[in-house]
Amino acid sequence: MEIHEDVPCPFCGTICDDIICKVEGDEVVSTQNACRIGNAKFVHAEGAERYKKPMIRKSGELVEVSMDEAVEEAAKMLVESKRPLMYGWSSVDCDAQSVGVELAEESFAVIDNTATVCHGPSLLAVHDVGYPVCTLGEVKNRADVVIYWGCNPLHAHPRHFSRHVFSRGFFRERGRSDRTVIVVDPRESDTSKLADVHVQVEFDKDYELLDAIRTALRGKKILYEQVAGVPRETIEATVELLKKAQFGILFFGMGITHSRGKNRNIDAGIRTIQDLNAHAKFTLIPMRGHYNVNGFNQVCTWETGYPFCVDFADGSAKYNPGETGSNDLLQNKETDGMFVIGADPGAHFPQKALEVMAEIPVVTIEPHRTPTTELSDVIIPPAFVGIETEGTAYRMDGIPIKMKKLVETDLLSDKEILVRILTRVRELKASK
């Protein structure tokens, strides 16, 4: 039996790095400190539905094949497709993502990640108005006012609250009692029940509320008795509370990125933080989902100049979200081959997109049976990053974390699989 301490968790964007894992043989048998979801990721990695061998669909049935045959079919799909789409990337490490960008360029493909259906509007807003961020360590040690807007971390990021709000920090020695928590959400949630202030905004009215907050911050009178369902007195009282903060932080989630206004909501949110800095120290952090969704946006920006929705159709990087996004290509029937890795679009994309996926060749690099693998023609199982192989991931606040290897496996890493496919793509192109 081995005990591994300070293990980063490869589940959500919080990447809790204080996990203790007990390993017996080639299996993690128990954890300490992990949330229920993180524990399940570690302990049930060897699930009954896990693929051990590559598979190809033949005569309508998936059959086991060699790695060479699966790589050959994946490479052929990319080479023969006129407009291939490469989607996912948020549950693989940064080295694999870098090879993926190279493979997309070699294949004249569109490369996109899960941000296109979650925090893509946040990235668009950053282009417009900047990004006043900080680290989660600063939040723990300094923040006395914490805002959760359009998110429910007790469900989506279970230890976020306990690690950064309930915990004691260098300047917040009493932990939760040293902090004021504000939740902005149309509904009552488990997170709002723990808040000091629950601002119950109307659905799709986030922009209007942010605009009213900025009005009050600038010393102007709010002209209406209510804005977005929130009384003027509540808005003004909340603004006064924010102005008195020593260190404030805004965490925001998909409840604001995908309500009416989308990236304009985030524009207004960022500008609100900028306005608040005339009165107090304020920053923001998006509540990123997959453990390395942020990493892909970092890597893709280094490699191409753009964070997602990058089109290599003419050999150079082009960027036009709304046209080069995964759902846009699928629903407009503009792609004739799809490569999926580190995501499950079969479980999350709209029906119209799935109907197109069912009609075109789909290659999936995925360890477990999922709705996406049910639509796939080629399935290649990789090793788990952070359990069976090392790698680097970027936490939601942009801090790189080294993921650990805990157990041995015969499976190849995502990077090794992608390098093999890239090599074969180049060989096929050279032979034409």
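These numbers were taken from a predicted model, which means no experiment stands behind them.
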[atom1] of [X] to [atom2] of [Y]: how many Å apart, nearest 0.5 Å?
X	Y	atom1	atom2	result
T257	M287	OG1	CE	12.0 Å
I417	I341	CD1	CD1	7.0 Å
H368	H44	NE2	NE2	10.5 Å
K205	D211	NZ	CG	13.0 Å
D328	Q331	CG	CD	7.5 Å
H164	N141	NE2	CG	11.0 Å

Is the gap between the ring centers of [X] and [Y] under 6.0 Å?
X	Y	answer
F296	F308	no
H160	F251	yes
Y148	F161	yes

Margin query: Suppose we screen for salt bridge (Lys or Arg N to Asp or Glu O under 4.0 Å). Which residues come up paired with R187, at least two apart in sequence or across chains?
Written below: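 Partners of R187 under the salt bridge (Lys or Arg N to Asp or Glu O under 4.0 Å) test: none.
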Next item on the list: Check the pair I147 / L242 against side chain to side chain contact (heavy atoms under 4.5 Å, CB included), numbers first and verdict last.
Entry: CA-CA 10 Å; I147 307 168; L242 299 178; 3.6 Å; yes
Side-chain donor/acceptor of [X] to backbone N/O of [Y], under 3.5 Å:
X	Y	answer
T304	C300	yes
T238	T234	yes
R179	K140	yes
H198	K193	no
E388	F384	yes
S259	D204	no
K404	D6	yes
H157	R288	yes
T335	L330	no
N297	P307	yes

Is the number of heavy atoms from other residues, nucleotides or ligands within 6.0 Å of [atom1] ([X]) greater than 12?
X	atom1	value
K262	NZ	no
K53	NZ	no
K52	NZ	yes
Y207	OH	no
K41	NZ	yes
R142	CZ	no
R369	CZ	no

Note to self: For a salt bridge (Lys or Arg N to Asp or Glu O under 4.0 Å) check, start with the C-alpha distance between R264 and D128, then their side-chain angles and the critical distance, and finish with the verdict.
What the structure shows: CA-CA 10 Å; R264 296 306 176 194; D128 294 335; 3.1 Å; yes
Note to self: Does I380 form a side chain to side chain contact (heavy atoms under 4.5 Å, CB included) with M67? I'd like the steps, not just the answer.
What the structure shows: CA-CA 8 Å; I380 305 177; M67 179 61 74; 3.8 Å; yes
Do [X] and [Y] get their side chains close enough for a donor-acceptor pair, meaning under 3.5 Å?
X	Y	answer
T283	K281	no
S189	D185	no
T135	D397	no
T373	Y51	yes
S376	T364	yes

For [X] and [Y], work out which heavy atoms get closest and say how close.
X	Y	result
G88	A343	CA-CB, 3.5 Å
C134	I249	SG-CD1, 3.9 Å
A156	C12	O-CB, 4.3 Å
V71	R424	CG1-CB, 4.2 Å
L406	V28	CD1-CG2, 4.0 Å
E106	L422	CB-CD1, 4.0 Å

Check: Run the side chain to side chain donor-acceptor pair (under 3.5 Å) check on T114 and S90 step by step: do they pass?
Finding: CA-CA 6 Å; T114 58; S90 297; 2.6 Å; yes
Next item on the list: Please assess R176 against D196 for the test salt bridge (Lys or Arg N to Asp or Glu O under 4.0 Å), listing each intermediate value before the final yes or no.
Entry: CA-CA 11 Å; R176 174 66 179 88; D196 299 294; 3.1 Å; yes
Note to self: Listing request: all side chain to side chain donor-acceptor pair (under 3.5 Å) pairs with a residue in residues 26-35, at least two apart in sequence or in separate chains.
What the structure shows: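 Side chain to side chain donor-acceptor pair (under 3.5 Å) check on residues 26-35 returns T31-N39.
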Is there side-chain contact between [X] and [Y], with heavy atoms separated by less than 4.5 Å?
X	Y	answer
F108	L78	no
R232	I235	no
I387	V407	yes

Check: Got a sec, which residues hit side chain to side chain donor-acceptor pair (under 3.5 Å) with D311, two or more places apart in sequence or on another chain?
Finding: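 Side chain to side chain donor-acceptor pair (under 3.5 Å) list for D311, sorted by chain: R83.
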Note to self: Whether K352 and E355 form a salt bridge (side-chain N of Lys/Arg under 4.0 Å from carboxylate O of Asp/Glu) is what I want to check.
What the structure shows: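 No.
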Note to self: For M403, run the side-chain contact (heavy atoms from CB on, under 4.5 Å) check against V385, V7, D93, D17 and tell me which one passes.
What the structure shows: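 Per the side-chain contact (heavy atoms from CB on, under 4.5 Å) rule, the option paired with M403 is V385, out of V385, V7, D93, D17.
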Next item on the list: Using the six-membered ring wherever Trp is involved, compare the ring planes of H119 and F252 and label them parallel, tilted or perpendicular (cut-offs 30° and 60°).
Entry: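 Perpendicular.
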Item checked: CA sep, side-chain torsions, deciding dist, call: K22, M1, side chain to side chain contact (heavy atoms under 4.5 Å, CB included) -> CA-CA 7 Å; K22 184 185 292 185; M1 182 184 298; 3.3 Å; yes
Checklist line | ring-ring contact (aromatic ring centres under 6.0 Å, His included) between H127 and Y319, intermediate numbers included | finding: CA-CA 12 Å; H127 299 333; Y319 175 66; 5.7 Å; yes
Margin query: Using side chain to side chain contact (heavy atoms under 4.5 Å, CB included), reason through T116 and C309 one step at a time and then give a plain yes or no.
Written below: CA-CA 7 Å; T116 195; C309 297; 3.9 Å; yes
